[in-house]
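Accompanying notes for the structure given below.
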There are 2 protein chains.
Amino acid sequence: MDDELLAVRVAELYYDENKTQDEIGGLLGISRWKAGRLLAQAREHGIVRIEIVHPRARRLATERALRERLGLADAVVVPTPENEIGVQGRVAQAAADFLAGFRPVPRVLGVSWGRTLTDVAERMPDGWATGVTVVQINGGVSLNRRPGTAATLASTIAQRGRGHAVLLPSPAILERLSTKKAIESDRTVAAVLERAEEANAYLYSAGVVDENSAHVESGYLRADDVEELARRGAIGDIVGRYIDANGNIVDPALDERTLGVSLETLRAAATAILVIAGAAKHDIARAVVTSGLCTVLITDEATARALLEDS
Amino acid sequence: MDDELLAVRVAELYYDENKTQDEIGGLLGISRWKAGRLLAQAREHGIVRIEIVHPRARRLATERALRERLGLADAVVVPTPENEIGVQGRVAQAAADFLAGFRPVPRVLGVSWGRTLTDVAERMPDGWATGVTVVQINGGVSLNRRPGTAATLASTIAQRGRGHAVLLPSPAILERLSTKKAIESDRTVAAVLERAEEANAYLYSAGVVDENSAHVESGYLRADDVEELARRGAIGDIVGRYIDANGNIVDPALDERTLGVSLETLRAAATAILVIAGAAKHDIARAVVTSGLCTVLITDEATARALLEDS
DNA sequence: GACGGCCCTGCTCATATGAGCAGATGGATA
DNA sequence: TATCCATCTGCTCATATGAGCAGGGCCGTC
């Protein structure tokens, strides 16, 4: 019996049968030290495969790589399920867990909106904070017919944190720059934007450039506007603003008409948490992370690997 | 963070990050004993899944169940691969390993023939014994056109064991009883059968009742003979003899014309090793094992589970 | 509000394990 | 054949771990 086969036997006796290395030595006619060494070999050669099977499992090694190689303050990575079934939920759960455990507990939290953030809000544990102010950081989905809009999302997070939400009563993108300036200078809106600027942490996701974008669905943009953006290099949007692979604004004129915190605010933030999942969003995730728009990344392993590959 | 989630974190830090329970306690703000207890819980609840990934892995727990619940002297169970791809090979390898490690090394080994045993023979390690006599225990496949017949199989096992093969120069089933008696009383044949009776161990497999059986292929039986056997309750054959679910001979007249060791010889043997794999053979495996025709079973996990289910 | 039982916690102590070391083994080379 | 080098082996010792136990808090019950 060669050493590899012996290692398999040792591993079986140790892990399946809960024998001590000493007993194993006795059974297989080898010394207990040899048993220990074979066991180490078995682990090294991948004969022993240890997996943490749980919807809330994480990938600490990948998280560390992200922190070290991309200079992130923190990262949370969950395994990507087969065919991405349920990644959104898993990543949202991880984001909720992260936020709930984040210290110091933010007194003012800036949030954007979207499908992903709605998922996060739903998963925030009740009582995750004691008196948090949740500020909406970009113009909202009031036009959207679906429930679960920016307003309910922010309110949910706030209520569960025993606090209140400060909503931004404005469209995401205005048709004319003058309208945008007018709204912005409205006292209530200005007050909201001011609070948004002083948030202790920002929580946002990102969208990809395609005709199903929430901006199109809500009527802020037309399908051909999006096409044009894509043609000009846009790969996605964060807080309503379309950026290219370098994290730069694609269409400054459009951006001027977009209401909410600026990319500069995010870049300067002490804590900016990007929550993003799925293969479709690898490119936009890369753009956001490499251009320093976030300090914390919460994502699935496939996305994380995509980011790490080219660095 | 509830205990289950905490257990997941502990498991990750322990198994993925190789931290000590003490370090984990420090990281998660719990005592090292709590970390240890959570780890135990995680293992118990199946959050930690440890697998031995190797072509020669075994299922010791199932083996133990077979020994204890079916009264076998020994059992070897290998995992059934997805869609049974390669089970035959895996089980054959396990049989070869078992035989090579069997103590005391048999001086005389009785073998039957067939696809499975050919696979076993090919996998016997060179020098597995020092001077073994391998006796063919049932009539052979001289008519068979394919290579790898009873003769080469027995010779291979013998050569690798630094010994020689004693072949049974006879068809498996004779057309007429008188012919069988005549052959049986031939001095050389009688001598072989005598050696077969005194084997220290028998190694054989089993076939299922269908028109592709080696007996039909070799011309010993016609397709409609097999159909008739099935109609009368036959579920398969071992050492050329067709048995029903209770391990009894189905057609005594046919059996009389079948040349080789009897079922009684197998039942009385100190060591009779059945090598069998695949879902198609679950029934015949059950018949052989429950009727005491073997003392050692070498099989795949699915087959083993099928046997254990109804006991 | 007092009591009793249950579970959980943090401990002690025996055991299991891994790191590191010195001698043994074996194969290649001069 | 003698010698060297590399690997392997069995050891000592420090550390990590698990079993079992006593005390404390929490719950329900009276």
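Only a predicted model underlies this, so the values are computations on that prediction, with no experimental measurement involved. Every chain is numbered from 1, with letters handed out A, B, ... down the list of sequences.
A salt bridge is defined here as a Lys NZ or Arg NE, NH1 or NH2 lying under 4.0 Å from an Asp or Glu carboxylate O, and A/Asp300 with A/Arg59 fails to meet this definition. A salt bridge links B/Glu301 with B/Arg305: the distance from a Lys NZ or Arg NE/NH1/NH2 to an Asp or Glu carboxylate oxygen falls below 4.0 Å.
Judged as a ring pair (Phe, Tyr, Trp, His ring centres under 6.0 Å), and not counting sequence neighbours, the contacts of B/Phe102 are B/Phe98. In terms of the side chain to side chain contact (heavy atoms under 4.5 Å, CB included) criterion, residue partners of B/Glu51 (sequence neighbours excluded) are, by chain and number, A/Arg49, A/Glu51, B/Arg49, B/Val53.
Here the P atom of nucleotide D/dT15 and the CZ atom of B/Arg32 are 13 Å apart, to the nearest Å. In this structure, NZ of A/Lys34 is placed 15 Å from P of D/dT7, rounded to the nearest angstrom. The distance from atom CG of A/Asp3 to atom P of D/dT9 is 7 Å, rounded to the nearest whole Å. The separation between A/Leu39 atom CG and C/dT17 atom P is 8 Å, rounded to whole Å. Regarding B/Gln41, its CD atom lies at a distance of 13 Å from the P atom of D/dG18, rounded to whole Å. Nucleotide C/dT17 holds its P atom 16 Å from the CG atom of B/Asn18, rounded to whole Å. For the pair B/Trp33 CH2 and D/dG20 P, the interatomic distance rounds to 17 Å; values are reported in whole Å. Rounded to whole Å, atom C1' of D/dT17 lies 11 Å from atom CG of B/Asp22.
Side-chain atoms of A/Arg37 come within donor-acceptor range of the base of D/dG10, with a qualifying N/O pair under 3.5 Å.
At the phosphate of D/dT9, neither OP1 nor OP2 sits under 4.0 Å from any side-chain N or O atom of A/Ser31. Phosphate contact (OP1/OP2 of C/dT17, side-chain N/O of A/Tyr14, threshold under 4.0 Å): present. Regarding contacts with the backbone of D/dT15, every side-chain N or O of B/Gln21 stays at 4.0 angstrom or more from both OP1 and OP2.
Comparing A/Ile30 and B/Thr20 along DNA chain D, the residue whose closest nucleotide (by nearest heavy atom) sits nearer the 5' end is A/Ile30.
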